[in-house]
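Sequence lines set the chain letters: A, B, ... in the order given, protein chains first and strands last, and positions in each chain run from 1. For the numbers below, each heavy atom of this structure counts, side chains included, while hydrogens, waters and symmetry mates do not.
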Amino acid sequence: MTQTDTATARPARRLPPMTVIGPVVALIALIVIGAMLNPNFLGYANLTNVLSRSAFIGIIAVGMTFVITAGGLDLSVGSMAAFIAGLMIVVMNAALPVLGVGLPVILLGVATALIAGLIAGLINGLLITKVGIEAFIVTLGTMGIYRSLVTWMADGGTLSLDFGLRTFYRPVYYDGILGISWPIIVFALCVIVGEIFLSRGVFGRHVAATGANAEVAHYSSVNTTRVRLATYVLLGLLVGVATIMYVPRLGSASQTTGILWELEAIAAVIIGGTYLKGGFGRVWGTVIGVLILSLIENILNLTDHVSPYLNGAVQGVMIILAVILQRGAKTGK
Amino acid sequence: MTPILALDDVSKHFGPVEVLHGLSFALYPGEVHALIGENGAGKSTTMKILAGYQPASSGRILLNDAAVTFDTMRDAEEQGIVMIHQEFNLAELLTVEQNMFLGRELRRGPFLRGAEMQRQTREHLARVECHADPRAPVQELSNSDKQMLEIAKALSRDARVLIMDEPTAVLTSNETEILFQQVRALRERGTAVMFTSHKLDEVKAIADRVTIMRDGKVVFSGPAEGLSEHDMAEAMVGRELSDLYPARPETVPGEVVLRVRDLDVPGHARDIGFELHRGEILGIAGLVGSGRTEAMEGLCGLRPATGAVEIEGEPVTIRRPSDALDRGLCYLTEDRKTRGLLLDKSMRENVTLQALPRRAGMMIDRAGEERILDEAIRDFDIRGARGVRVGNLSGGNQQKLLLAKVMQSEPRILVTDEPTRGIDIGTKQQIYRFLRGLADRGTSVIVVSSEMQELIGLCDRVLVMRLGRITGQLAGRDITERGIVRLAMGIAQEPGSRTGQGDVTPASNTIDADRPT
C-alpha cells in the first residue's frame with residue numbers, strides 16, 4: 001500500500017480492474033470452454049436446467065452478500081433450508097385433509113416457509129447482535145440444530161409431500177412464463193432488488209459502513225445493531241423463498257437436503273468480489289459467482305475429460321484464485 | 001563533528017507524484033533534532049526513509065558518512081536506528097511484556113524465561129516512569145501508556161538514532177515532561193534523537209536543531225538557537241501568520257439551549273451539570289482520563305448514561321446517537337482514524353454518512369452526493385484528489401473532512417472532541433475560525449481539549465473536570481493556564497509541582513480513570 005503524506009496520492013477513482021473484470025472473464029472463459037466441449041452446452045434445455053438448479057443457492061447468496069458485507073457470516077443456511085423444507089411438508093400434509101389439494105394449502109406452505117425463515121434469521125441475528133456471540137459460533141450452533149431437527153422430523157428417513165399435492169405444486173419449479181422457469185424469474189427479481197438496495201440504497205450504504213468499521217458507523221449515528229440484525233433477517237427470509245422454489249422440485253426433504261449450500265453460497269459471494277471481512281459487496285458479482293460454480297459442475301458432467309467427482313476440487317481452486325485476485329487489488333500490486 | 005545519519009539530495013515519488021524534492025539535512029549524535037512542517041509537508045515520509053521503511057527514489061542516505069541502503073526496517077534497526085510510529089505498533093491482545101520482547105524473546109532451550117522478561121520489562125518501564133503492569137494486555141492500557149511502552153521498547157534496543165513521529169500527540173503535559181527527561185538523558189549518552197511535533201513550544205523547549213519542511217522541501221535546517229516559535233510557524237506556513245485565534249465577539253451569550261443535570265456515565269463521569277447558551281463556545285478541560293470524552297459521549301447517546309437533559313427548554317431522552325441528531329446535537333470524535341472516518345472509502349461516502357437518512361429517502365442520489373462533496377471541499381478547503389482513499393489524506397485534511405461530515409447534519413449544538421489534535425498550525429487556524437463563525441451564526445459549540453492554549457484562546461467559558469466530576473468553571477479573563485491546572489489537578493496542589501494522576505488523593509469519590517494507578 002502506498003502511504004503518502006501529501007494529499008495528492010494517485011487517483012483511485014477507478015476500482016482495480018482485475019476485481020471487476022476477473023470474475024466476468026472467468027465466466028466468459030467457462031462458457032467458451034463449455035460450448036467447445038459439448039454442442040448441447042448452450043442449448044435451451046441445458047441452460048434452463050443449470051440456471052433453475054442454481055437459483056436456490058443464488059437466492060440465498062443474495063442474502064449472504066448483505067450479511068458478509070456488513071461484516072457477518074451465516075453457516076446455518078443449508079440446514080435452515082432443509083428444516084424449512086421439512087416443516088413446509090409436514091404442515092402442508094397435515095392441512096391437506098382439511099383444505100384439500102389446491103391453492104390454499106400451497107399458500108399455507110409458502111407462509112410457513114417465509115415465517116420460519118424470518119424467525120430463524122431473527123434468532124441468529126439476535127444472538128449475534130444482542131447477546132454478542134461471534135457469528136461463526138452462533139450459526140455453527142444453529143446449523144447443527146436445524147440439521148438435527150429435520151433428521152428427527154423425518155425420523156432418519158425422508159419426508160415426502162402428499163402425491164396429489166406434489167403434482168399440483170410441481171409447476172412452480174418446472175413451469176414459467178415465456179420459456180423462463182419460475183426459479184430463474186424469482187432469482188432474477190431478488191438480484192435486481194438486492195443490487196439496487198446494496199449499491200444505491202441508504203440501507204446498503206449503512207451495511208457497507210458497518211462492515212467497513214462498525215465503530216465509525218456508530219459514531220456516525222448509524223444504528224449498527226439494527227443494520228446487522230436486518231441482514232440476518234433478510235437472509236432468513238430469502239432462505240424461505242429459496243425453499244419455496246425447492247420443495248416442488250423433489251417434493252421431499254431429508255437429512256441430506258441443502259447439504260453444503262452454506263459453503264456454496266459463501267463461495268459465490270467471495271468469488272463475486274465481496275470482501276469476506278466486510279465493508280464492500282456487490283450483488284451482481286455474487287450472481288457471477290453462482291454461475292461460475294454451477295457451470296463448472298455442469299461442464300464436468302457434460303464432458304468425459306475430467307471426472308465429475310473432481311467438481312469440488314475445481315470449485316475450490318476457483319475460490320482461492322478469487323481471493324488471491326482480491327488481495328492483489330487491495331495491496332495495489 | 002560528523003553526522004551519524006544524513007540525507008543527501010533525497011527525493012521520493014509515488015507513481016508520477018513527487019512528494020519530496022531534494023532533501024538534505026543531518027542528525028548528529030547527542031543532539032535533539034525537531035522536524036516540523038504542516039500536515040502534508042512530507043515529514044512522515046521523510047522519517048520513514050530515514051528509518052528504512054521506504055526506499056528513497058533518488059539521492060543518498062549517509063550513515064557515518066558512508067552511503068547505505070536499508071532494504072528493510074530490520075536492516076536499519078541493526079544499525080541502531082529505531083523509529084516509533086504515530087500509530088502504535090503494538091499487538092493489542094498480547095501483554096505488555098510480550099510486546100516488549102516480541103521477536104527477541106529470552107529463552108532457555110525451547111522455553112521462555114517469563115520471570116526474567118517480566119523483571120526486565122518492569123525495569124525498562126520504570127526508566128520512563130510508566131507503571132503499567134507487564135502482565136496486562138496492551139488493549140487495557142491508556143494511549144499515553146502505550147506511547148511510553150513504545151518508547152521503552154525502543155530504548156531497550158540500545159538505539160543510536162531514535163526517530164519519533166509525533167510522540168507527544170497523545171500525552172498529557174505531565175507525561176510529555178517525563179518523556180523529555182528521557183530524551184535529555186538519551187542526549188547525554190550521545191543518542192541522536194529526531195522527532196516531529198505540532199507543538200512549537202515543545203520544539204522550542206527541547207530541540208537543539210530544527211529542520212522545517214514545506215511542500216516536500218526543506219526550507220530551513222539549522223540550530224534552534226535564536227529561532228522563535230513565531231519564526232518557525234511562519235516558515236512552516238510560508239506566509240505571515242496573523243492571530244491564531246479569532247476575536248471573541250463583544251455580544252452577550254443568548255438564551256440557554258442545552259441544560260444538563262445529574263448526568264451519570266457509569267464508571268466514567270458523575271453528577272455532570274451545566275448550561276450552554278446560544279452562540280457560545282464552551283470549553284471542557286481536564287486530564288486524559290478525567291471523563292471528559294465519556295461524559296460528552298454519554299450526553300450524545302454514544303454510551304449508556306442517565307440524567308436530565310433539556311434542549312431548547314424541552315426535556316429530551318437520548319438513548320442512541322440518532323436521537324441526539326434528531327435534536328440537532330452532534331458529536332465530533334477525538335479519534336478520526338478509528339471512530340470518525342471510513343479510511344478505505346472515498347470522501348463522497350464519508351461526507352454523507354452521518355446525514356444520509358435525513359438527506360435521502362430510501363435511495364441515494366449520487367449526483368446529489370457529488371454536489372455535497374463539492375460544497376464541502378470548497379467550504380472546508382479540503383485538499384486532496386477526489387477519488388482518493390480517505391486513509392491516504394493528510395491528518396489536517398481528514399480532520400476537515402470529518403468536520404464537513406458532521407456539519408452535513410446541520411447541528412444546532414456541536415460537541416467537538418480534540419478538534420485540532422495532530423494537525424498543523426495553518427489548519428488549526430482555519431478550524432478555529434470556522435468554529436467561531438458557527439457560534440457567531442447562532443450554533444452552540446462545546447470544545448473538549450487537552451491543549452490549554454486552545455481553550456484559553458478560543459472559548460468563552462471553560463468547565464474543568466477531574467476524576468469524573470466538574471470541579472469548576474472559568475470565564476473571560478479568568479481562563480488561565482494556572483486556573484485550569486489548579487482545577488484539573490485538585491485545588492490543594494500548587495500548579496507546576498509534579499503531580500501525576502497516579503497520586504491523586506483518594507479522599508473524594510474516586511472513579512476509576514481508565515489508567516492504572
Side-chain angles (χ1 to χ4, degrees), chain A residues 1-16 19 69-71 129 193-227 230 275 277-281 326-327 329-333, chain B residues 14-17 19 39-46 48 54 215-216 297 301-302 320-322 324-325 330-331 333 335 338-346 349-350 352-357 360-366 382-389 391-394 396-397 405-406 409:
Chain A
M1 183 173 6
T2 42
Q3 275 237 338
T4 65
D5 212 30
T6 56
T8 50
R10 82 197 132 115
R13 170 131 281 255
R14 56 210 152 90
L15 270 170
T19 50
T69 304
T129 57
V193 174
E195 170 66 24
I196 290 173
F197 271 84
L198 190 56
S199 69
R200 303 269 148 165
V202 171
F203 177 64
R205 181 66 63 79
H206 283 177
V207 165
T210 303
N213 187 333
E215 191 132 22
V216 171
H218 176 61
Y219 276 79
S220 305
S221 317
V222 174
N223 190 337
T224 52
T225 306
R226 197 184 295 164
V227 167
Y275 294 165
K277 68 177 175 66
F280 173 78
Q326 268 185 32
R327 196 182 48 186
K330 267 192 285 182
T331 49
K333 280 181 186 154
Chain B
F14 293 111
V17 185
V19 296
N39 283 104
K43 302 183 302 281
S44 292
T45 312
T46 305
K48 282 178 187 160
Q54 281 178 0
D215 300 330
E297 289 187 352
L302 287 154
R320 54 181 67 92
S322 55
L325 212 54
C330 199
Y331 173 80
T333 176
D335 191 346
T338 67
R339 290 176 174 167
L341 296 170
L342 296 171
L343 299 181
D344 282 328
K345 303 268 176 195
S346 69
E349 282 150 302
N350 271 287
T352 58
L353 187 58
Q354 183 112 37
L356 212 49
M362 287 266 276
M363 289 299 153
I364 293 171
D365 165 17
R366 281 281 168 91
I382 302 168
R383 297 170 209 171
R386 253 184 113 86
V388 78
R389 210 181 134 261
N392 283 346
L393 292 177
S394 71
N397 283 313
K405 164 187 157 179
V406 168
S409 57

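Residue A:His218 holds its NE2 atom at 8.5 Å from CZ of B:Arg339, rounded to the nearest 0.5 Å. To the nearest 0.5 angstrom, B:Lys345 atom NZ is 7.0 Å from A:Phe280 atom CZ. Put simply, CG on B:Leu353 and OH on A:Tyr219 are 14.5 Å apart, with the number rounded to the nearest 0.5 Å.
In terms of heavy-atom pairs under 4.5 angstrom with chain B, the leader among A:Asn213, A:Asn223, A:Val222 is A:Asn213. Here B:Leu302 is the residue among B:Leu302, B:Asp215, B:Val406 with the most heavy-atom pairs under 4.5 Å with chain A.
Shortest non-hydrogen contact noted between B:Gln354 and A:Ser221 is NE2-OG, 2.8 Å. Between B:Ile364 and A:Gly201 the shortest heavy-atom distance is CD1-O, 3.4 Å. Closest heavy-atom contact between A:Ser220 and B:Lys405: OG-NZ, 2.5 Å.
Taking 4.5 Å as the limit, every side-chain heavy atom of B:Asp335 sits out of range of all side-chain heavy atoms of A:Glu215.
Proximity to chain A is limited to the side chain of B:Glu297, based on heavy atoms less than 4.5 angstrom apart. If you measure heavy-atom distances from B:Leu341 to chain A, the contacts under 4.5 Å come from the backbone alone.
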